[in-house]
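First listed ligand is number 1; within each ligand, the first listed atom is number 1. Because only heavy atoms are used, hydrogens play no part in the values below, and waters and symmetry mates are left out as well, while side chains stay in. Being a predicted model, the structure only gives us computed values, none of them experimental.
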Amino acid sequence: MRVLTGIQPTNILHLGNYFGALKPAVELQREDELFIGIVDLHAITVPQEPAQLKKNIAFATAAYLAAGIDPKKAILFQQSRVPAHAELGWLLQTIARIGELERMTQFKDKSKVKGQNVSVGLFTYPVLMAADILLYDTQAVPVGEDQKQHLELARDLAERFNRDFGQTFVVPKPIINIASGRILALDNPEIKMSKSAPSPKNYISLMDEADVIRKKIKSAVTDSETGISVDDGRPGLKNLLSIFSLVTNGSPEDIAASYAAKGMKELKEDLAEALITHLAPLQAAINDYLSQPDELEKIVAEGSARANEIASMKISEVKVKMGLSL
Ligand code: TYM
């Protein structure tokens, strides 16, 4: 099966990105033909400082490699090095409708504060994402729950294009992991863990140091009920148990049972230590890749060249279908 996923190279990557996207991708590379895009054109839909963006692109690449992506098996590419993404993004904008983009909850949330002063790129962002996916005849897209609506748009655009111009695109399906597809914010279990959160207490960054992790888990919002249980009415605790289960491979219910007598304080202390142990080798591997910029450049250049071969054939086909050829 052909699978494609993407990540924005923005300041930090957090546990939600790791469990929701990086780790599932590593699993998929064994049997599937996997494409991973470092989607820098998406990142610039909100203002980025150029020198920092450059660092973030290297960081996101290093994080995928450190998580276990093998560049011989998977195609790891930088979106801006494959011109067909921006090109198909434009072509699809001509069939996307304003109304359907206005319904995108992520745009609504992100533009809430700034109103009319957000970039046009932020509005058309999901169309570029559809282009990322459709260029490669992608059958499945592993993402976190927050991307589900964008995937629906990609499906709608594929179907509309096929209907109007003849069979061209594969209609992709999302793959959303129930256990890891929605990791919640530590400081507010009503919302998801997010890079753009105003407070760093919202998330655990993959590069957080041990003491920072201890402090953040200690202050994670739970509830005042007694006992430890997996319960939808206790979202903060449930989230901590999910994270615990993802780092130790035990079920949330078993973990809850084993802390029934010990209580919340000990659960949080042990979770923090488990996370520190889990992240330490990943952090070391990320730093190791970051210390080899030539190696990173080589991997991204090769991956982008392979992506370009496939994407440029598709864009030619699209242009012919639309009548953009002599
Ligand atoms: P981005 O960069 O915001 O996030 C990268 C991936 O992490 C997932 N994720 C989460 N999963 C679980 N819990 C969370 N709290 C959490 N927060 C983020 C996201 O769902 C995503 O899978 N639009 C995409 C990037 C993109 C893309 C694509 C993805 C562009 N083109 C094509 C797939 C296919 C985004 O902003 O992801």
Side-chain angles (χ1 to χ4, degrees), residues 2-26 28 34-46 48 53 56-57 59-61 63-64 67 75 77-80 82 84-86 88-89 92 104-107 109-110 121-122 124-136 138-155 157-158 172-197 202-206 235 239 242-243 246 307 311:
R2 190 171 276 185
V3 177
L4 179 138
T5 191
I7 197 157
Q8 293 191 70
T10 32
N11 45 332
I12 59 130
L13 298 187
H14 55 62
L15 284 184
N17 300 133
Y18 182 62
F19 289 117
L22 271 74
K23 274 197 103 179
V26 174
L28 288 164
L34 176 66
F35 290 72
I36 300 169
I38 307 296
V39 294
D40 47 1
L41 298 177
H42 278 104
I44 57 170
T45 56
V46 295
Q48 302 288 340
L53 178 60
N56 294 339
I57 293 168
F59 182 79
T61 311
Y64 264 106
I75 296 183
F77 67 94
Q78 186 181 345
Q79 186 189 32
S80 64
V82 185
H85 287 257
L88 184 60
L92 291 178
M104 296 287 134
T105 53
Q106 204 154 76
F107 174 74
D109 290 347
K110 287 192 177 173
L122 191 69
T124 58
Y125 173 118
V127 184
L128 179 61
M129 178 162 162
D132 299 341
I133 297 166
L134 302 182
L135 270 177
Y136 298 92
T138 304
Q139 291 158 290
V141 185
V143 277
E145 170 80 35
D146 61 333
Q147 298 297 319
K148 202 170 155 194
Q149 199 185 22
H150 291 163
L151 244 291
E152 281 301 318
L153 178 80
R155 290 169 58 84
L157 292 178
K173 288 194 182 63
I175 308 180
I176 298 172
N177 192 315
I178 299 173
S180 61
R182 189 170 155 83
I183 306 286
L184 303 176
L186 297 179
D187 61 350
N188 178 3
E190 305 288 312
I191 57 173
K192 65 165 186 165
M193 189 173 278
S194 163
K195 303 180 217 188
S196 48
N202 168 294
Y203 53 75
I204 302 270
S205 150
L206 296 188
N239 190 43
S242 306
I243 297 173
L246 289 163

Exercise. Decide yes or no for Ile191 and Asn202: does some side-chain heavy atom of the first lie under 4.5 Å from some side-chain heavy atom of the second?
Key: yes
Practice problem: List the atom of Ala140, the atom of Ile175, and the distance in Å for their closest heavy-atom pair. | Solution: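 Smallest interatomic distance, heavy atoms only, reads CB-CD1, 3.6 Å.
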Self-check item: Validation row, ring centre Phe59 to ring centre Tyr64 under 6.0 Å
Solution: no
Exercise. For this output row, return yes or no: ring centroids of His150 and Phe107 closer than 6.0 angstrom.
Key: no
Quiz item: Listing by chain and number, which residues have a heavy atom under 4.0 Å from ligand 1?
Solution: Leu4, Thr5, Gly6, Ile7, Gln8, His14, Gly16, Asn17, Gly20, Ala21, Val39, His42, Tyr125, Met129, Asp132, Ile133, Val141, Val143, Gly144, Asp146, Gln147, Ser180, Gly181, Arg182, Ile183, Lys192, Met193, Lys195
Quiz item: In a check of salt bridge (charged side-chain N to carboxylate O under 4.0 Å, His left out) between Asp146 and each of Lys110, Lys192, Arg182, which one passes?
Solution: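 Testing each of Lys110, Lys192, Arg182 against Asp146, the sole residue satisfying salt bridge (charged side-chain N to carboxylate O under 4.0 Å, His left out) is Lys192.
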Self-check item: Reference residue Leu15; test side chain to side chain contact (heavy atoms under 4.5 Å, CB included); the match among Ile204, Leu246, Leu186
Solution: Ile204
